[in-house]
Amino acid sequence: MKRKSNTSVKALTMAVVTACALSGPPALAWGGAGQARAHAASAARALQPGSLDVLGARRDQKNPYDVINAAAARDPITVTPLRDNIYMFQGSGGNIGVLPTGDHGAFMVDAGVAVSRQKIESALKKLGVTRVDNLVNTHWHFDHTDGNSWVHEDGATIIATPNTLHDLSSTIRVEEWSHTFTPVPDGARPTVTIPTEKTLTAGGQPVRLRAYSPGHTNGDLSAYFTRANVLFTGDTYWNGLYPFIDWETGGSINGMIRDADQNIASVNAATIIVPGHGPLGKRAGLVQYRDMLVSIRNRVADLKHQGLSVEQTVAAKPTKPFDAKWGQGLIGPDLFTKLVYRGV
């Protein structure tokens, strides 16, 4: 399924953090040697101290929908081995999980952006995968589900929460993205729904799928490979980045904090944590993320309760102590302040 996007946006510098595996060899960029070198150089420039030439840190907040589509069309797929034959793919919207299951099949977590299809399929083939048997959608957002149609064409059963199925079947206007999402084709919709929790087996690996309470959206789902101790959080965790909060489908800052607490309770110091966006994480970084959300929530709530408007609250820069670490990505400080303000 490919939703209509603005491919005429001018080139944008995407701050992509090069993820290093916590176990296994270094990541490989599969999309051509020249692309890989350009991708790495772009990431290095964006991460230079003091650099503001990144998406959300500019004074003019870019439209996330256009930015994500442009980046997916441009960037190679970077493949990072994790543990027990589990891989992370980056370069097509949200982070993707892949577990080859034998007989050329795979279990996949999220499907990325449809424009990346050929690059993702090429990366899968290098792992010996020619089809996806099962696909988990961690939530409904297009940068995690836009590839549902082609993955389903390859034979995949799509798994998600009931609310994600509802959202993918609905017309939803996301004002912050200046975009109206229309219902996806039938073949791109989940056919297996998990309202609370269920453990599946893929390639001999137990995978625990667990729903979150409404936080990032109303339908988020984690995928925890229990034997390998690898957790895919979807967008309940943005490592080193301010997260997007989807108010249109039941998200809230307080819900994001609850979901961060759920993630913290689910992991230990050895867990490899794969966020929806950003590099691989560990439990200590997840705690820092939760603490950042709490601090900004409290700062914004205090200003709002003093009677400040949303514009005045943004002008007061309540996120300033955190911007250098968390505000250099897709969601800039001003937009994140507005998202928090709505829920306090």
Side-chain angles (χ1 to χ4, degrees), residues 1 3 63-65 68 93-95 109-111 136-146 148 158-184 188-198 209-224 231-238 241-266 275-277 286 289-290 292-294 296-298 300-301 304 310 330-331 335-344:
M1 180 275 296
R3 292 181 181 174
N63 181 327
Y65 181 80
I68 291 169
N95 293 333
V109 180
D110 285 332
V136 173
N137 287 160
T138 59
H139 59 293
W140 77 272
H141 286 157
F142 88 102
D143 54 320
H144 298 257
T145 62
D146 199 38
N148 278 14
I158 303 175
I159 305 166
T161 63
N163 281 341
T164 291
L165 170 58
H166 175 271
D167 293 338
L168 287 172
S169 307
S170 304
T171 297
I172 299 173
R173 174 73 178 178
V174 180
E175 290 298 338
E176 293 84 2
W177 292 21
S178 301
H179 191 83
T180 299
F181 294 93
T182 56
V184 302
R189 300 180 189 184
T191 56
V192 175
T193 57
I194 297 175
T196 54
E197 183 175 328
K198 186 177 180 66
L209 305 178
R210 185 182 180 191
Y212 294 92
S213 62
H216 170 61
T217 69
N218 61 4
D220 294 282
L221 187 70
S222 65
Y224 179 40
L231 175 67
F232 287 81
T233 68
D235 280 4
T236 65
Y237 180 33
W238 295 47
L241 304 163
Y242 289 144
F244 180 66
I245 303 173
D246 188 352
W247 292 96
E248 283 77 10
T249 60
S252 70
I253 181 60
N254 289 326
M256 290 289 289
I257 293 168
R258 286 193 301 269
D259 291 349
D261 284 331
Q262 176 174 316
N263 287 330
I264 291 168
S266 300
H277 298 271
L286 188 55
Y289 173 77
R290 188 273 315 276
M292 174 273 294
L293 295 178
V294 171
I296 292 178
R297 187 270 313 271
N298 292 344
V300 173
K304 185 174 182 178
V310 62
L330 181 65
I331 308 301
L335 176 55
F336 186 58
T337 299
K338 293 175 182 178
L339 293 170
V340 174
Y341 184 93
R342 294 179 65 176
V344 297

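We find the CG-OG1 distance between D110 and T138 to be 3.5 Å, quoted to the nearest 0.5 Å. Within the model, atoms OG1 of T191 and CG of L165 stand 9.0 Å from one another, a figure rounded to the nearest 0.5 Å. With rounding to the nearest 0.5 angstrom, the CD1 atom of I158 is 11.5 Å from the OG1 atom of T164. Atom CG of residue L241 and atom CD1 of residue I331 lie 9.0 Å apart, to the nearest 0.5 angstrom. Residue D235 holds its CG atom at 11.0 Å from CG of D259, rounded to the nearest 0.5 Å. The distance from the OG atom of S252 to the CZ atom of R258 is 5.5 Å, given to the nearest 0.5 Å.
Residues H277 and D143 bring a donor and an acceptor atom of their side chains to less than 3.5 Å of each other. Residues T161 and D220 bring no donor and acceptor atom of their side chains to less than 3.5 Å of each other. Side-chain polar atoms of H141 and D246 form a donor-acceptor pair below 3.5 angstrom.
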Inset, instruction - For the pair F336 and F244, evaluate ring-ring contact (aromatic ring centres under 6.0 Å, His included) and give the outcome as yes or no after the intermediate values. - result: CA-CA 7 Å; F336 186 58; F244 180 66; 9.9 Å; no
Legend entry - Audit row: F232, Y224, ring-ring contact (aromatic ring centres under 6.0 Å, His included) steps and yes/no: CA-CA 6 Å; F232 287 81; Y224 179 40; over 10 Å; no
Inset, instruction - Kindly determine whether L293 and I253 satisfy side-chain contact (heavy atoms from CB on, under 4.5 Å), including the steps that lead there. - result: CA-CA 7 Å; L293 295 178; I253 181 60; 4.1 Å; yes
Inset, instruction - Would you please test F142 and H144 for ring-ring contact (aromatic ring centres under 6.0 Å, His included) and show each step? - result: CA-CA 5 Å; F142 88 102; H144 298 257; 8.9 Å; no
Inset, instruction - Start with the C-alpha gap between L335 and L339, add the side-chain angles, then the distance that decides, and say whether side-chain contact (heavy atoms from CB on, under 4.5 Å) holds. - result: CA-CA 6 Å; L335 176 55; L339 293 170; 4.2 Å; yes
Inset, instruction - In sequence, state the C-alpha distance, the side-chain angles, and the governing distance for L209 and E197, and then conclude on side-chain contact (heavy atoms from CB on, under 4.5 Å). - result: CA-CA 6 Å; L209 305 178; E197 183 175 328; over 6 Å; no
Inset, instruction - Take T249 and I172 through the side-chain contact (heavy atoms from CB on, under 4.5 Å) test and state the conclusion after the steps. - result: CA-CA 8 Å; T249 60; I172 299 173; 3.7 Å; yes
Legend entry - Test ring-ring contact (aromatic ring centres under 6.0 Å, His included) applied to F181 and W140, step by step: CA-CA 10 Å; F181 294 93; W140 77 272; 5.3 Å; yes
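Listed here is the closest heavy atom pair of M256 and T236: CE-O, 4.2 Å. Nearest heavy-atom pair, P190 versus A160, reported as atom, atom and distance to 0.1 Å: CG-CB, 3.6 Å. Residues Q262 and A211 come closest through the heavy atom pair NE2-O, 3.5 Å. Scanning both residues, I68 and G93, for their nearest heavy atoms gives CG2-CA, 4.0 Å.
Between the side chain of K338 and the backbone N or O of V310 there is no donor-acceptor pair closer than 3.5 Å. Although no hydrogens or angles enter the test, the distance criterion places a donor-acceptor pair under 3.5 Å between the side chain of R189 and the main chain of V184.
Residues passing the side-chain contact (heavy atoms from CB on, under 4.5 Å) test with V192, sequence neighbours excluded: T157, I159. Every residue meeting the side-chain contact (heavy atoms from CB on, under 4.5 Å) condition with D261, not counting sequence neighbours, appears here in chain and number order: I257, I264, R290. Applying the side-chain contact (heavy atoms from CB on, under 4.5 Å) test to S222 and every residue at least two apart in sequence or in another chain returns R210, Y212, L231.
Counting heavy atoms from C-beta outward, L168 and N148 have side chains that approach closer than 4.5 Å. Contact annotation: the side chain of H216 never approaches that of I245 to less than 4.5 Å [non-hydrogen atoms, C-beta and beyond]. Here the side chains of P275 and W238 are not in contact, with every heavy-atom distance at 4.5 Å or above. Looking at heavy atoms from C-beta onward, Y65 lies out of side-chain contact with S178 at the 4.5 angstrom threshold.
Ionic pairing of R342 and E176 is present here: one or more N-O contacts between side-chain nitrogen and carboxylate oxygen are shorter than 4.0 angstrom.
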